[in-house]
There are 2 protein chains.
Amino acid sequence: MPVTIRDVARRLNLSVTTVSRALAGYDDVAETTRQRVITAAREMGYMPQYAARQLRRQRTETIGIVFPTMGTRFSDPFFGEFMAGVGDEASRRNYDLLVSVAPAGKSEQDNYQRLVNSRRVDGFVLARMRIEDWRIRYLLHEEIPFVSFGRSETDEKAPHIGVDGCAGICELVRHLVSLGNRRIAFIGAPPVLTLSRDREEGYRKGMREAGIDVDPDLMSVSDLTSAGGYETAKKLLDYDPPPTAIIGVNDLTALGVIRAAQERGLSVGEDIAIAGFDGIETGKHWHPPLTTVYQPVYEIGRRVCDMLVAIIEGKETIQIETLIQPKLIIRQSTVP
Amino acid sequence: MPVTIRDVARRLNLSVTTVSRALAGYDDVAETTRQRVITAAREMGYMPQYAARQLRRQRTETIGIVFPTMGTRFSDPFFGEFMAGVGDEASRRNYDLLVSVAPAGKSEQDNYQRLVNSRRVDGFVLARMRIEDWRIRYLLHEEIPFVSFGRSETDEKAPHIGVDGCAGICELVRHLVSLGNRRIAFIGAPPVLTLSRDREEGYRKGMREAGIDVDPDLMSVSDLTSAGGYETAKKLLDYDPPPTAIIGVNDLTALGVIRAAQERGLSVGEDIAIAGFDGIETGKHWHPPLTTVYQPVYEIGRRVCDMLVAIIEGKETIQIETLIQPKLIIRQSTVP
DNA sequence: GTGAAAGCGCTAACAT
DNA sequence: ATGTTAGCGCTTTCAC
C-alpha cells in the first residue's frame with residue numbers, strides 16, 4: 001500500500017539504485033534522469049521509510065529529550081519554551097524529537113538506557129543538570145552525543161550552554177541593595193541542581209560585595225514550584241525582623257512568595273521587594289509585574305540543538321562551552 | 001559494537017529465532033532455554049534495535065504529536081501538562097512520543113505528511129481542534145489512527161475526548177449572575193477553534209437563561225495569550241458603562257484582563273469580577289487567585305493516549321467519544 | 001550514468 | 001523445542 005522506492009523505480013524503468021541516488025543528490029546521475037525521478041517521486045507521494053533508512057545507515061536522525069517531572073505534573077512554562085526551541089531547530093535540520101517524561105530516579109535511568117540500547121536516538125538534549133550527574137558519565141561512557149542546558153561538575157568539558165546564574169542573581173542583589181534592602185532572603189532549589197548552586201553563589205557574592213553578612217535563617221530551599229515558594233515564604237515572613245526583600249530561585253517560586261506576602265497584607269514592591277529568575281512570559285502580567293533575571297530559554301533551546309546536531313554529524317570547530325549572560329528586568333515587584 | 005540478537009544467539013549456541021522467541025515470550029521454547037536467553041541478554045545488555053524491528057513489523061510503537069505554536073513561542077502551561085499526560089501513558093504502554101512543534105498552516109501540514117509518509121508513527125494525538133479541521137479528513141483518508149483532545153465538526157464520530165466548555169462557561173455565567181453581574185463580557189479565541197465556539201455558546205446560553213440580552217460590544221476575540229487578553233480588556237473597559245465582569249476564554253487571557261483592570265485602579269473581585277478557563281496551577285497564586293473552569297488536562301492527556309493505543313492495537317470495545325464535565329473553581333477574582 | 005547484489009537486525013512462516 | 005530461510009525498504013559498494 002505505501003509507496004516504496006521500488007514502485008518509483010518500476011514506473012520509470014530504472015533500478016532502485018539510480019532512484020536512490022537521484023533523490024540523495026549524487027552527481028553521478030544524469031540531470032534529466034534526476035528530474036524524472038524527482039517528478040515521479042513527488043507525484044507518487046514517495047517518501048523514504050525511516051525504519052529502513054535507519055537500519056541501513058545506523059543513524060536515526062532523531063534527538064532524545066527526557067523531561068524531568070517533579071511530582072505528577074510539570075506546568076513550568078520553562079519546559080514549553082525550551083522544547084519549542086529545541087523542536088524548531090531540530091526540524092530545521094531535519095531531525096525529529098523523541099520526548100519522554102520521567103521523574104528523576106530509577107525510571108529516568110531506564111528511559112535513557114532504553115533509548116540508547118535500542119538505538120532510537122542519535123543524541124540527547126539534557127536539561128536541569130545536577131552537580132553530580134550520572135547522565136553525563138553514562139552518555140560519555142556509551143559514546144552517545146549530548147548537549148546540556150546548564151553545566152555539571154561531573155565533567156566540566158561536557159558540551160553545554162550555560163547561563164551565568166551567579167552573575168544574574170548578583171546583579172539582582174545589587175539592585176535590591178541599591179533600593180535600601182539589607183535583609184534579603186533567598187529561596188533556593190534542591191541543592192543537587194547546578195542552577196541552585198550557581199544562583200545561591202550569586203546571592204552570597206552580591207551580599208558580600210554589599211558588605212552584608214548572610215543570615216542563615218534567610219536562606220531556604222524549595223522545589224521550584226509556586227506552591228513551594230508560597231509555603232517557604234510564609235516561614236520567612238515569620239522571622240523577626242522579617243526580610244525586606246525575597247529572591248526566588250525561579251519565577252514560579254517568586255509567584256508563591258508574592259502571594260504569601262500579599263496574604264499578610266503587604267504591598268509587594270512597597271513593603272517588600274520580590275524577584276525571580278527565568279523571565280517567563282506571564283511574569284510581566286502578574287500583580288505586581290515581576291522583577292526577574294531573564295534568560296532566553298527558547299533561543300538556548302535552539303542553540304543546544306544546533307550544537308548537538310553539529311556533534312552528531314561530526315562537524316569540527318564547534319565551541320563546546322558557552323556562557324550566556326542573563327539580563328535583569330526590573331518591574332514593579334521591587335520598585336513601586 | 002552494539003550487541004545484536006546474533007551475538008546473544010552465538011554465545012548460547014542457539015539460533016537467532018529461538019532467542020527472538022524466547023525474548024518475545026512465545027511458549028514454544030523450553031523454560032530452561034528461555035531463562036538462559038534472558039540471563040544472557042541482560043548480561044550482555046542486549047536490547048532489540050528498533051529500526052530493524054520496525055522495518056520488519058511495519059509498526060513503530062511511536063505516537064506523533066504536533067504542537068501548535070502561536071507566534072514564536074508557546075508558554076501556555078496547558079501544553080506541558082497535556083504532554084506530560086500523554087507521555088506518561090505512552091511510556092506505560094511502551095510507546096514513544098515523537099513531538100514536532102509547528103505553527104498552524106503550511107508547515108503544520110508538512111509535518112503531518114512527513115511523519116505519515118515516512119511511516120515514523122503509528123498514530124497521532126491531536127489538540128487544539130478546529131471546527132473545520134483538515135487533519136481529521138487527512139488522517140481518515142490515510143487511515144492513520146488518531147485521537148483528539150476536543151471535538152471537530154469535520155467528522156463528529158472521530159475518536160476524541162472533549163470537555164463540555166459550553167456547560168462550564170454556562171455555570172460560570174450563572175455564578176457571575178448570582179453575584180449581581182449583568183454586564184458580563186466575554187473574550188473569546190479565534191473562531192476557527194472548537195473550544196472558542198463551545199465556550200462562547202456557554203456564554204450565550206448562560207446569559208439567555210438569566211434573561212440578559214447579550215451586548216455585542218461585550219464580545220471580543222483574542223489569541224489565548226495574556227498579552228492578547230490585556231489589550232482586549234483595555235478596550236472593553238473603555239465602554240460606558242464598562243462591564244462588571246469579564247470572562248477570559250482561558251486562564252492566560254484572564255491574567256491579561258486582571259492586569260488591565262488593575263492598571264485602571266480597579267480592585268479585581270470587588271470592583272470587577274474576572275474568570276478564566278483551564279485551571280492551570282499558577283492561577284491559584286495570582287493576585288487575586290483566579291476563579292476558573294477547571295479541566296483535568298493531565299488526566300485527559302493520559303486518556304487520549306490510552307484510547308489511541310487501543311485503536312492502534314485494534315482493541316474493540318473502546319468508547320469513541322467522551323465528554324468530560326469541567327468543574328467551576330471559585331476564588332477571589334470573582335468573590336472578595 | 002546505470003544496474004546487480006549484499007546486507008543492516010529483526011521477525012515469522014515454514015521446516016524438522 | 002529448535003533451526004532454516006526469506007524478506008521488510010533502503011543505501012552502498014562494486015561492476016559494467
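Numbers restart at 1 for each chain; the letters A, B, ... are given by sequence-line order, proteins then strands.
Per the geometry, CG belonging to B:L12 stands 10 Å off P belonging to D:dG3, to the nearest Å. Atoms CD (B:Q58) and C1' (D:dG9) sit 8 Å apart, rounded to a whole Å. Atom P of nucleotide D:dG9 and atom CZ of B:R53 are separated by 18 Å, given to the nearest angstrom. One atom, CZ of B:R120, and another, P of D:dG9, lie 17 Å apart when rounded to the nearest Å. Separating the CZ atom of A:R59 from the P atom of D:dC10 is a distance of 17 Å, rounded to the nearest angstrom. Between the CD1 atom of B:I5 and the C1' atom of D:dG3 there is a distance of 13 Å, rounded to whole Å.
Side-chain atoms of A:N117 and B:Y46 form no donor-acceptor pair, as typed in the model, at a separation below 3.5 Å. At a cut-off of 3.5 Å, with distance as the only test, no side-chain donor of A:T62 or A:D96 sits close to an acceptor on the other residue.
At the heavy-atom level, A:N13 lies under 4.0 Å from the strands shown only through sugar-phosphate atoms.
Below 30°, between 30° and 60°, or above 60°: for B:F124 and B:Y112 the angle between ring planes is between 30° and 60°, a tilted geometry.
Scanning DNA chain C 5' to 3' for nucleotides with an atom closer than 4.0 angstrom to a non-hydrogen atom of chain A gives a first and last hit of C:dG1 to C:dG9.
How far OG of B:S15 is from CZ of B:R21: 7.0 Å, rounded to the nearest 0.5 Å. For the atom pair A:R34 CZ and A:D28 CG, the distance stands at 8.5 Å (nearest 0.5 Å).
For A:Q54 and D:dT11, the shortest distance from a side-chain N or O to OP1 or OP2 is not below 4.0 Å.
When the ring pair (Phe, Tyr, Trp, His ring centres under 6.0 Å) test is applied to A:F82, the partners found at least two apart in sequence or on another chain are A:F149.
For B:T33 and A:A52, each mapped to the nucleotide of DNA chain D holding its nearest heavy atom, the one lying further toward the 5' end belongs to B:T33. In terms of position along DNA chain C, the nucleotide closest to B:R57 lies nearer the 5' end than the nucleotide closest to the other residue of the pair B:R57 and B:D28.
With a 6.0 Å cutoff to the six-membered ring centre and a 45° limit on the axis angle, A:R128 counts as a cation-pi contact of A:F78. A cation-pi arrangement is not found for A:R93 relative to A:Y95, the charged atom failing to lie both closer than 6.0 Å to the ring centre and inside a 45° cone about the ring normal.
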Verdict with reasoning, A:Q58 to A:Q54, per side-chain hydrogen bond (donor to acceptor under 3.5 Å, both in side chains)
CA-CA 5 Å; A:Q58 294 294 77; A:Q54 287 170 8; over 6 Å; no
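Side-chain proximity of A:L55 to the nucleotides D:dT11, D:dG9, D:dT4 is greatest for D:dG9.
Within residues 17-27 of chain B, the residues approaching DNA chain C are B:T17, B:S20, B:R21, B:Y26, by heavy-atom distance under 4.0 Å.
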